[in-house]
Colleague: 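Just passing along the structure, written as structure tokens.
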There are 2 protein chains.
Amino acid sequence: MISLAEENYLKAIYSLNQIQQGGASTNAVAEKLDTKASSVTDMLKKLSEKKLVNYTKYQPASLTNRGMAIAIDVIRKHRLWEFFLVEKLKFKWDEVHEIAEQLEHIRSSALVDRLDSFLEYPKFDPHGDPIPDKEGRINKIHDTVLSALPIGEEAHIVGVKEHSNSFLQYLDAVKLVLGTRVKLINRFEFDQSAIVQIAGKENITISFDISKNLYIKFI
Amino acid sequence: MISLAEENYLKAIYSLNQIQQGGASTNAVAEKLDTKASSVTDMLKKLSEKKLVNYTKYQPASLTNRGMAIAIDVIRKHRLWEFFLVEKLKFKWDEVHEIAEQLEHIRSSALVDRLDSFLEYPKFDPHGDPIPDKEGRINKIHDTVLSALPIGEEAHIVGVKEHSNSFLQYLDAVKLVLGTRVKLINRFEFDQSAIVQIAGKENITISFDISKNLYIKFI
DNA sequence: TAAAATTTTTAGAGTTGCCTAAAAATGATT
DNA sequence: AATCATTTTTAGGCAACTCTAAAAATTTTA
Ligand SMILES: [Mn+2]
Ligand SMILES: [Mn+2]
Ligand SMILES: [Mn+2]
Ligand SMILES: [Mn+2]
């Protein structure tokens, strides 16, 4: 039996190993879960005993196949619930993460299957993150960002790299939501800020911090 | 902050005080929560400190106003989720209780409100139990049972008193589901078993154990 | 009403998951 | 290579919730 705390550790280790930067070091996991390094060491030992995590003292941790399957299952539930909250209950995309953090721990495979079917098997969550299927297969995560769009070219916004509420609210305010078509009008070398045309209409200026956190797909 | 365990104790005390039979004695609570009497004593002390429960040593416990409000809120969530699971996800009425036991602890008043609205403010859950509204107002629970229906009279099935899966599955099998119209054809004094006409069609014989656990409303 | 049966509480302890403080290991700097 | 800074682990402890065994209170029965 996997506890709620254990599920959260597995998810944290998974996501730290996705973004390539030192992987799941003790401190990185502690930071991610807002806990202390000593607590992480305790848990890594336990998860290692349970054969869910590969762990050797003083080294970053990684997931075993079993650990990976559990992490992906939790992520599947998180993203399906986020989709449900936005599509059916009409929450905004900056309001769902916290609730999904709770819902992702509900244990019932029948529930997940039926929810998936009720939602008509969505492929992406409200933030553009891919939803793993029943077998744990997961689409490659987006990798091209708006800051890499050449001047004069067009693309669609397909996801966000940064998930903070303030970022999501900013995007709502300037109408840079998922699905929006954008054209790169100009980019300034000085600070990499850019002028972007939104949905074939108005032009706005966005900072590098914005454009490097928006995933796009070329048209 | 109320923990998951505390919420379950409050709910147990609430329901033991509804059915009039000695109320929430230590042993009754232990039985209901499948735990030991000594654990119950500990928790009653804690809930009493928190002013959620009225408790004096060796006496059955009852809820304070604050404890009652919390219990009713948890029950509201339980029954709304059960309704969701049956109406939207197409679960059967004998499959939802266990899942709702988990979902009832999700903390977000916005979620409950939006779920209620999405479901169009249902008044009863799949077992005929009343769903409290946002303000905690709850319809009187049904009180007439099929065993009290006089011979020759008709009624609708509106709820179940017993919630076990085997009972619910039996009812499915003999088509004595919620909303069914029944007519009492005959009752045998010997064992109080009864012949019932179902939906104006076939007659079946049911034991006293069945008929005393079915809530009805006279036509 | 005294003994017996039952219920309830207390005492002591285990598990999980977290913490602080201190020790040990690792990595970077001279 | 020795020192310093950082990271990680260990040691010891706390809170929530649970348990078993034993003691105390209450209720039932004779
Ligand atoms: Mn999320
Ligand atoms: Mn998301
Ligand atoms: Mn239920
Ligand atoms: Mn119910």
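Being a predicted model, the structure only gives us computed values, none of them experimental.
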Colleague: Output a table of nitrogen or oxygen pairs between the protein and nucleotides 22-28 of chain C separated by less than 3.5 Å.
Modeller:
residue	atom	partner	partner atom	Å
C:dA25	O4'	A:Tyr58	OH	3.2

Colleague: Examine C:dT16: is either OP1 or OP2 under 4.0 Å from a nitrogen or oxygen in the side chain of A:Tyr9? Give yes or no.
Modeller: no

Colleague: Whole angstrom is fine here: how far is it from CE in A:Met43 over to P in C:dT16?
Modeller: 10 Å

Colleague: With sequence neighbours excluded, give me every ring pair (Phe, Tyr, Trp, His ring centres under 6.0 Å) pair touching residues 126-148 of chain B.
Modeller: B:Phe124-B:His142, B:His127-B:His163, B:His142-B:Tyr215

Colleague: Are there over 12 heavy-atom neighbours, none belonging to B:Glu31, within less than 6.0 Å of that residue's CD?
Modeller: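 Counting other residues, nucleotides and ligands, CD of B:Glu31 stays at 12 neighbours or fewer.
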
Colleague: Using whole Å, what does the distance between atom P of nucleotide D:dA24 and atom CD of B:Gln59 come to?
Modeller: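 About 21 Å, once rounded to whole Å.
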
Colleague: Counting heavy atoms not belonging to A:Lys212, are there more than 12 under 6.0 Å from its NZ?
Modeller: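 Enclosed.
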
Colleague: Establish, with yes or no, whether the OP1 or OP2 oxygen of C:dT9 is under 4.0 angstrom from a side-chain nitrogen or oxygen of B:Lys45.
Modeller: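 No.
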
Colleague: Restricting to non-hydrogen atoms, name the atom on B:Leu178 and the atom on B:Gly128 that form the minimum distance, rounded to 0.1 Å.
Modeller: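 Nearest pair, atom of B:Leu178 first, then B:Gly128: CD2-N, 3.5 Å.
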
Colleague: Sorted by first residue and then second, give each salt bridge (charged side-chain N to carboxylate O under 4.0 Å, His left out) pair with at least one member in residues 91-111 of chain B; sequence neighbours left out.
Modeller: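 Qualifying pairs, neighbours excluded: B:Glu7-B:Arg107, B:Lys11-B:Glu101, B:Lys11-B:Glu104.
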
Colleague: Ignoring the backbone of A:Ser39, work out which of C:dC19, D:dT20, C:dT8 is nearest its side chain.
Modeller: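 Selected nucleotide: C:dC19.
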
Colleague: Is the positively charged end of A:Lys88 above the ring of B:Phe84, judged by distance under 6.0 angstrom from the centroid and angle within 45° of the axis?
Modeller: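 No, a cation-pi geometry is absent between A:Lys88 and B:Phe84.
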
Colleague: Would you say the side-chain atoms of B:Thr26 pair up with the backbone N or O of B:Ala37, donor to acceptor, closer than 3.5 Å?
Modeller: no

Colleague: Short of 4.0 Å, heavy atom to strand atom, which residues of residues 1-8 of chain A count as contacting DNA chain C?
Modeller: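 Those residues are A:Ser3, A:Ala5.
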
Colleague: Choose from C:dC18, D:dT18, D:dT8 the nucleotide whose nearest atom is closest to any side-chain atom of B:Asp42.
Modeller: D:dT18

Colleague: Taking B:Arg79 for its side chain and B:Ile131 for its backbone only, find out whether a donor-acceptor pair lies under 3.5 Å.
Modeller: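 It does not hold such a pair.
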
Colleague: Please find the pair of heavy atoms, one from A:Asn17 and one from A:Ala24, that lie closest to each other, and give the distance.
Modeller: OD1-N, 3.8 Å

Colleague: If we ignore angles and hydrogens, is there a donor and acceptor under 3.5 Å between the side chains of B:Asp191 and B:Ser193?
Modeller: yes

Colleague: Any pair with a residue in residues 89-116 of chain A that passes ring pair (Phe, Tyr, Trp, His ring centres under 6.0 Å), sequence neighbours left out, goes on the list, sorted by first then second residue, please.
Modeller: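 Qualifying pairs: A:His78-A:His97.
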
Colleague: Between the base of D:dT18 and the side chain of B:Ser38, is there a donor-acceptor distance below 3.5 Å?
Modeller: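 No, the side chain and the base share no sub-3.5 Å donor-acceptor pair.
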
Colleague: In residues 26-35 of chain A, what residues come within less than 4.0 Å of DNA chain D, judged by heavy atoms?
Modeller: A:Thr26, A:Asn27

